[in-house]
**Q** 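One structure coming up, written as structure tokens, with questions to follow.
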Amino acid sequence: MTGAIRLLRPDVASKIAAGEVIERPASATKELLENALDAGATRISIEVRGGGVELIRVSDNGSGIPSDQVELAFERFATSKVTRAEDLDAITTLGFRGEALPSIASVSRVTLSTRAQDEESGTRIDVSDGSVVRLEATGAPTGTTIGVSGLFRNFPARQKFLRSAGAETSRIQTVVTRYALAYPEVAFELDLDRGKRFASPGSGSLREAVAAVYGLKTAQAMLEMSPEEADDDSQSTARGLTGDPSMSRANRSYVSFFVNRRWIQNRALGVAVDQAYHGFMAERRFPLAVINIDVPPGEVDVNAHPSKTEVRFRQEGQIFATVQQAVRRALIAHAPVPEVRGVRQGQAHTQPSSSSTASGSFWPAPPFLRQERPSAGMASPPIGWPDAPTGRQNESPVPDIPQEPVVPRNTLPVLRVLGQVQSTYIVAEGPDGMYLIDQHAAHERVIFEQVKAEAMSGEPDVQTLLEPIVVEVNPELHNLVRTQAKAVASLGFLVEPFGGDAYLVRGVPVLLGASDPAQAFVDILELMADGGGFETWEERAAYSIACHSAIRAGKTLVHEEMTGLVRRLEACVQPNTCPHGRPTMIHMTTGQLEREFGRR
Ligand code: ADP
Ligand code: MG
């Protein structure tokens with residue numbers, strides 16, 4: 001026996017609870033930011049010293065706390081945000097547990113000054129290790145400033161779990177930048193040791209917030225995710241910005257999820273995003289994304305953990321699909337036909353551009369960055385979260401961010417083939433202008449999709465050889481045929497082991513046409529072994545045959561061949577890029593033609 005059972009004294013109980021809510025300086029910062037955001041602040045400054053252990057000070061211009069409630073705010077389970085048990089079923093504020101202030105105050109020294117909008121003077125309260133040491137009227141601007149110093153100084157056990165000041169600071173920085181992404185209409189300012197700073201413009205534009213966090217270039221190359229039209233309010237939607245596949249990252253930490261603008265951790269949603277990028281990004285590379293999921297408050301339980309960073313969805317599978325589809329749609333829509341722009345500016349014909357922002361570039365050099373070029377006449381408001389006020393756009397300190405969302409163009413109109421240029425490009429006319437199609441890239445795309453479809457149906461088109469041939473391969477390829485027999489067969493190769501490293505080839509894919517079957521077999525195996533950056537063996541196989549069999553640049557085509565190719569391209573799921581994401585075509589719109597010729 002260790003003694004009689006008795007209720008914990010409130011100060012002990014609150015210290016135990018504090019351990020759950022306030023694990024480290026970053027969690028304290030998160031709670032303070034959430035309070036400021038719940039108070040409707042549009043400007044939040046954060047000052048951090050010594051990894052947040054020495055000092056965290058958060059100032060906001062929110063609603064403030066009425067003087068008669070200041071002391072109460074430090075009581076456990078005191079909150080202005082929830083009154084009835086039913087409220088917990090539909091939380092619309094970031095805070096609701098009424099635990100943060102008492103928890104923080106029980107393990108540090110807190111000074112809070114605040115003034116409510118409709119009050120003449122403000123209030124200052126000092127709380128040290130859970131006890132109020134001072135409470136008085138004071139002059140203060142509307143809003144709240146809370147300073148937390150000496151965090152965990154009486155808790156050696158907790159201190160031991162803290163990392164270096166630098167590491168704790170960087171966690172704090174992560175928290176602040178995530179909230180800056182979730183609330184683009186709020187201007188965040190973070191002031192760190194040694195003059196390090198972070199600031200977000202608070203313009204309401206998510207792209208500008210991303211620019212502040214990840215840099216301008218990255219922000220420019222993010223693709224807009226627009227939610228599918230919701231049938232009614234009860235549906236969840238996912239929106240935000242997702243990275244151009246060319247800017248992959250080495251780990252998952254660049255994908256942020258928000259649920260109703262609360263930053264959350266969720267492994268399953270991470271997988272949903274990875275899957276959406278499948279085929280767009282090399283193996284073991286990860287995308288960058290900022291995704292807000294709007295969920296009807298009753299469909300999500302945010303009260304799963306004291307730190308509120310894990311949530312439970314009533315319909316997890318549906319949310320997973322919503323996120324995956326939204327990302328996938330953005331990727332497909334934004335790998336569109338590159339448009340020829342700005343030929344007029346002259347330099348176009350001589351200088352291929354290397355910069356995505358050069359609107360004068362004739363050649364749409366970096367394929368995925370192309371849509372970021374500003375274009376006249378397409379301006380529309382910057383992307384913010386749905387309810388983000390966008391009234392202060394003009395004050396934005398971040399210049400030159402193109403604001404137009406890209407027009408999706410994932411389907412190809414019916415084209416009329418006109419001819420061929422340099423035996424390499426097919427010239428065609430569509431409803432809106434002219435298309436130049438790269439015959440090799442286009443054919444690769446066509447074959448790639450065809451092979452994948454045939455493999456999926458399990459019925460590849462096989463051409464049986466009248467006389468089977470024996471092909472000797474090197475040990476590496478031998479091993480490949482042995483281990484990936486299914487993928488090889490799915491292409492349309494009928495092969496049997498023939499002793500040693502030899503195979504008897506009885507049939508080849510019809511797609512190979514007249515090429516030498518023995519040579520083609522080895523070529524394709526080599527391409528498969530190389531992989532071309534594709535992950536699955538089905539895709540590696542499809543890629544290898546597309547690469548081997550596609551019409552080369554420089555081959556003169558007759559009109560019927562060109563028309564045939566264009567018809568098949570029109571039928572593709574992703575006609576606008578080759579399997580590797582390079583453009584299959586460029587498009588010059590009627591408007592551009594008119595401008596170039598001075599007709600408009
Ligand atoms: P919760 O956020 O869960 O309600 P907290 O302990 O974080 O609990 O805060 C207690 C209460 O103090 C809040 O409900 C709110 O009324 C008030 N409060 C705290 N911080 C602020 C702030 N920055 N601005 C206005 N009110 C605040
Ligand atoms: Mg709170």
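We count ligands from 1, going down the list as the structure has it; atoms in each ligand are counted the same way. Heavy-atom basis, side chains included; hydrogens, waters and symmetry copies ignored.
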**Q** Should the pair Asp191-Arg49 be classified as a salt bridge under the 4.0 Å nitrogen-to-oxygen rule?
**A** yes

**Q** Of all the heavy atoms in Gly98, does at least one lie under 4.0 Å from an atom in ligand 1?
**A** yes

**Q** Please say whether more than 12 non-hydrogen atoms of neighbouring residues, nucleotides or ligands are located less than 6.0 Å from CZ in Arg267.
**A** no

**Q** Do Arg109 and Ser128 have a side chain donor and acceptor closer than 3.5 Å?
**A** no

**Q** Quick one: which ligand 1 atoms are inside 4.0 Å of a heavy atom on Ala73?
**A** 10 (C), 12 (O)

**Q** Please report which non-hydrogen protein atom sits nearest to atom 2 (O) of ligand 1, along with the residue it belongs to and the distance in Å to one decimal place.
**A** Lys81 NZ, 2.7 Å

**Q** Assess, by modelled atom type and distance only, whether the side chains of Ser203 and Glu208 contain a donor and an acceptor separated by less than 3.5 Å.
**A** yes

**Q** Taking only heavy atoms of Gly95, which atoms of ligand 1 are found under 4.0 Å from at least one of them?
**A** 2 (O), 3 (O)

**Q** What atoms of ligand 1 come closer than 4.0 angstrom to any heavy atom of Gly64?
**A** 25 (C)

**Q** Apply the test side chain to side chain contact (heavy atoms under 4.5 Å, CB included) to residues Phe74 and Val132: give CA-CA distance (whole Å), side-chain angles for both, the deciding distance (0.1 Å), then the verdict.
**A** CA-CA 9 Å; Phe74 285 87; Val132 177; 5.7 Å; no

**Q** Which residue holds the protein heavy atom closest to atom 15 (C) of ligand 1, what is that atom called, and what is the gap in Å?
**A** Ser80 OG, 3.5 Å

**Q** Within 45 degrees of the axis of the six-membered ring of Tyr254 and under 6.0 Å from its centre: does Arg249 put its NZ or CZ there?
**A** yes

**Q** Taking N or O atoms only and a 3.5 Å limit, does Asn35 qualify as a polar contact for ligand 1?
**A** yes

**Q** Please report the closest heavy-atom contact between Arg262 and Glu34, naming both atoms and the distance.
**A** NH1-OE2, 4.2 Å

**Q** Could you list the atoms of ligand 1 found under 4.0 angstrom from a heavy atom of Leu101?
**A** 5 (P), 6 (O), 7 (O), 9 (O), 12 (O), 19 (C)

**Q** Hey, which atoms in ligand 1 end up nearer than 4.0 Å to a heavy atom of Glu99?
**A** 6 (O), 8 (O)

**Q** Quick one: which of Thr123, Thr144, Thr145 gives a side-chain hydrogen bond (donor to acceptor under 3.5 Å, both in side chains) with Thr114?
**A** Thr144

**Q** Report yes or no: is the cationic atom of Arg261 (NZ for Lys, CZ for Arg) closer than 6.0 Å to the six-membered ring centre of Tyr183, at no more than 45° off its axis?
**A** yes

**Q** What are the atoms of ligand 1, with element, lying closer than 4.0 Å to any heavy atom of Thr79?
**A** 1 (P), 4 (O), 14 (O)

**Q** Counting non-hydrogen protein atoms only, what is the nearest one to atom 17 (C) of ligand 1? Give residue, atom name and distance.
**A** Ile65 CD1, 3.9 Å

**Q** Everything protein-side that's N, O or S and under 2.8 Å from the Mg ion (ligand 2): list it, residue and atom.
**A** Asn35 OD1

**Q** Of all the atoms in ligand 1, which lie at a distance below 4.0 Å from a heavy atom belonging to Ala39?
**A** 24 (N), 25 (C)

**Q** Can you find a side-chain donor-acceptor pair between Ser248 and Arg285 that sits under 3.5 Å?
**A** yes

**Q** Distance to 0.1 Å, residue and atom name: give those for the protein heavy atom nearest to atom 22 (C) of ligand 1.
**A** Thr144 OG1, 3.7 Å

**Q** In terms of residue, atom name and distance, what is the protein heavy atom nearest to atom 10 (C) of ligand 1?
**A** Ala78 O, 3.5 Å

**Q** Just jot down the ring-ring contact (aromatic ring centres under 6.0 Å, His included) partners of Tyr277, sequence neighbours excluded, or say none.
**A** none

**Q** Check for me whether Pro102 has a heavy atom closer than 4.0 Å to any atom of ligand 1.
**A** yes

**Q** Can a donor-acceptor pair be found, under 3.5 Å and without considering hydrogens, that links the side chain of Arg328 to the backbone of Ile332?
**A** no

**Q** In the structure I gave you, are the side-chain heavy atoms of Arg171 and Arg163 within less than 4.5 Å of one another anywhere?
**A** yes

**Q** Can you find a side-chain donor-acceptor pair between Asp129 and Ser106 that sits under 3.5 Å?
**A** no

**Q** Does even one non-hydrogen atom of Glu31 get within less than 4.0 Å of ligand 1?
**A** no

**Q** With heavy-atom distances below 4.0 Å as the criterion, list the atoms of ligand 1 near Asp60.
**A** 22 (C), 23 (N)

